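In what follows, every heavy atom counts, from backbone to side chain, and hydrogens, waters and symmetry copies are set aside. All of these numbers come straight from a predicted model, not from anything done at the bench.
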Amino acid sequence: MARHLTTVLTGFGAAAASVLLLAGCASPGSAGGSTDGSDDAAVELELDATWLDDGRVVGLVTQGSSTCVPSATDVSYENGVLSVTLDDGEAQACTKDLVPRLSLVSLPEDVDPTASLEIAVTYGDAVGDTDLDGIAGLGSGSAEEGTPSAAWVGDDELALLTWGSSSRACYPVAESIVVDDGVITATMAEPAADQVCTSDYGPQGSLLFVDGAADDTEYELVLTGFGFEGDVRVPIIGTP
């Protein structure tokens, strides 16, 4: 899967190890550059993307706080370009770690997932773009809506779309991940007995970090635990 990273952030390990609580979430472009409103003040955004949900959804990966994942507030498609605005929402307390986060973007009906797609993203003062290759067979209706889906978004990173409560504390979290003979088994941690979840139902986006997957090999994802009945088997879009 072709992907274009517009910038490379350094010091990931040191930043991730330092977890501080902030009074509010700053946009990725607020920490540097001019504030005079000129175009030259835009900060380059590290960005990656992948298809999900049989080509009905694109997953966007950005870097930032693990507790404040941006959502798509404005989406438009014209002349082969998908334009997306990401926003952190209302001011909230965010940890100061620096990790990859997955934001889900529901696509307009005229986007063809078998054709290449250019994606332009605005996130605060930061802008970025990436190209996403089309994949034959996507959009055929073979994957049922409302079921989990997964796709490679890096050599050791899987984007996972599940369905449930919008409360982020109620998203499935991998307790262990095992790679064996074309199968990746992710055992999800059981939620705390006193965990309260909202009663709404919608898409949940998360990332799985996989160690030991072979290059250019097709895998199937097996989800177990966290309310998944039996072993839920999910084809993975793309290869590592």
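A pairwise comparison of heavy atoms in T224 and G230 identifies OG1-O, 4.1 Å as the closest pair. Across every non-hydrogen atom of T73 and D87, the tightest pair is CG2-CB, 3.5 Å. Of all the heavy atoms in V232 and P148, the pair that sits closest is CG1-CG, 4.2 Å. Minimum heavy-atom separation, L86 to Y123: O-CD1, 3.6 Å. Listed here is the closest heavy atom pair of A159 and V153: N-CG1, 4.3 Å.
Between D180 atom CG and T185 atom OG1 the span is 7.5 Å, to the nearest 0.5 Å. Atom-to-atom distance recorded for L161:CG and L104:CG is 5.0 Å, nearest 0.5 angstrom. The line from CZ of F226 to SG of C170 is 6.5 Å long, rounded to the nearest 0.5 Å. A distance of 6.0 Å separates OG of S206 from CE of M188, quoted to the nearest 0.5 Å. Here S166 contributes atom OG and D200 contributes atom CG; the two are 3.5 Å apart, rounded to the nearest 0.5 Å.
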With side chain to side chain donor-acceptor pair (under 3.5 Å) as the criterion, how do E175 and T187 come out once you've worked through the C-alpha distance, each side chain's angles and the decisive distance to 0.1 Å? CA-CA 6 Å; E175 188 173 61; T187 300; over 6 Å; no
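Residue D211 qualifies as open at atom CG: its count of foreign heavy atoms under 6.0 Å is 12 or below. Heavy atoms of other residues, nucleotides or ligands lying less than 6.0 angstrom from CD of E218 number 12 at most.
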